[in-house]
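If you're wondering where the values come from, they're calculated on a predicted model, not measured in any experiment. The residues of the chain are indexed from 1 along the displayed sequence. Numbering of ligands and ligand atoms starts at 1, following listing order.
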Amino acid sequence: MDRIKELKSRFKPNNIDCFLITSRNNIYYLTGFTGDAGILFIAPRKAKLITDYRFQGEVVDRVRNAEVCLTKKKYIEELATLRVIKRKERVGFESKYVPYNLYWEIRKKFNWLKFKSFDSFVEDLRLRKSGDEIENIKKACKIADKAFTGVLGYIKEGVREIEIAAELEYRMKKLGGEKPSFDTIVASGFRSAIPHGTASDKKLKKGEFITIDFGTYYNGYASDTTRTVFLGTPTLRDKKIYNTVYYAQKNAREATEEGVKLKVLDKIARDYIKENGYGKYFTHSLGHGVGLDVHEAPIISYRNNNGIAEKGMVFTIEPGIYIPDYQGTRIEDTVAILDGRVEVLTNLERELIVL
Ligand SMILES: [Mn+2]
């Protein structure tokens, strides 16, 4: 499928003639270009990818649906010489991916054009994934699952959090992952009460929850999983915290189906946590979309008033309880809405693993 063609069909309803794309992931999505510098200009008849000679050869050879132009000049200066822009055209651009200095450079160079900014022009297409995209995410999830299982044996008293993170990242790469999709979180004991606690040089101790949030890229697509394990013997309080998150996550996961309101999924998990007395300790939204970005649309939140689960969406379900000065727990899976069914792409044990 030519995604550029689909994008162009949205020009007229949005009152634009051309579009300038500066987001690296959006350029990859539309053309397959994997270089980390370049701009993509989509004119009514032509799409031009402007980049430089560092990417000559295999990177440029893989580009589809756009003509590649290698330049020694600034990309915007090169664009001005290409004559793809006519007089009086209206050009859309990505508000989130045009730095202020570039914006003014463009305005100066093309002062006869009208510019219109968009928040999520390409992202709107990325919301519903194709079968190939879902396969890539699924493969990334499988790699992460396998790496995690291999790392469980390393979780012992006295080992530093950062060592667990390193072992996990090493294994994901060895199993075919490109790179971690974000800095691996290994947060133990009091640090597990920080929702995004990264991994520190703190040593693991008995009596602690260890929250491990990790992911890898595969073919440019991210995975995202969290498991919380316990070292030593959990107290009744620990078990209650864990089981509350477990059932909140299970209920929301099992309620996931095509057509359900995304805020309803958040409510199912949130209400369960509230009923069990931990309401004020679930301090973030239930989940987020996963794709070329590890955090992307849609947001699974009580604030998302209109979003519904649509075919092709891939998102996480990750409730948590974080009790300051005590401990915390989070369980996260990634799910895909397929034709008439839901597939959970991350398949690690969800019941409490006690080590
Ligand atoms: Mn996540």
- Item | Distance criterion under 2.8 Å: protein N/O/S atoms around the Mn ion (ligand 1) |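 Excluding waters, the total comes to 4.
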
- Message: Distance check, rounded to the nearest 0.5 Å: Asp213 atom CG versus Asp224 atom CG?
- Response: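 Interatomic distance, Asp213 CG to Asp224 CG, rounded to 0.5 Å: 5.5 Å.
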
- Tell me whether the centres of the aromatic rings in Phe209 and Phe230 are closer together than 6.0 Å.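 For Phe209 and Phe230, the ring centres are under 6.0 Å apart.
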
- With sequence neighbours left out, what residues match Glu343 under side chain to side chain contact (heavy atoms under 4.5 Å, CB included)?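 Side chain to side chain contact (heavy atoms under 4.5 Å, CB included) list for Glu343, sorted by chain: Lys138, Leu338, Arg341, Leu345.
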
When you compare the side chains of [X] and [Y], does any donor N or O come within less than 3.5 Å of an acceptor on the partner?
X	Y	value
Asn276	Tyr247	no
Lys96	Ser23	no
Thr211	Thr228	yes

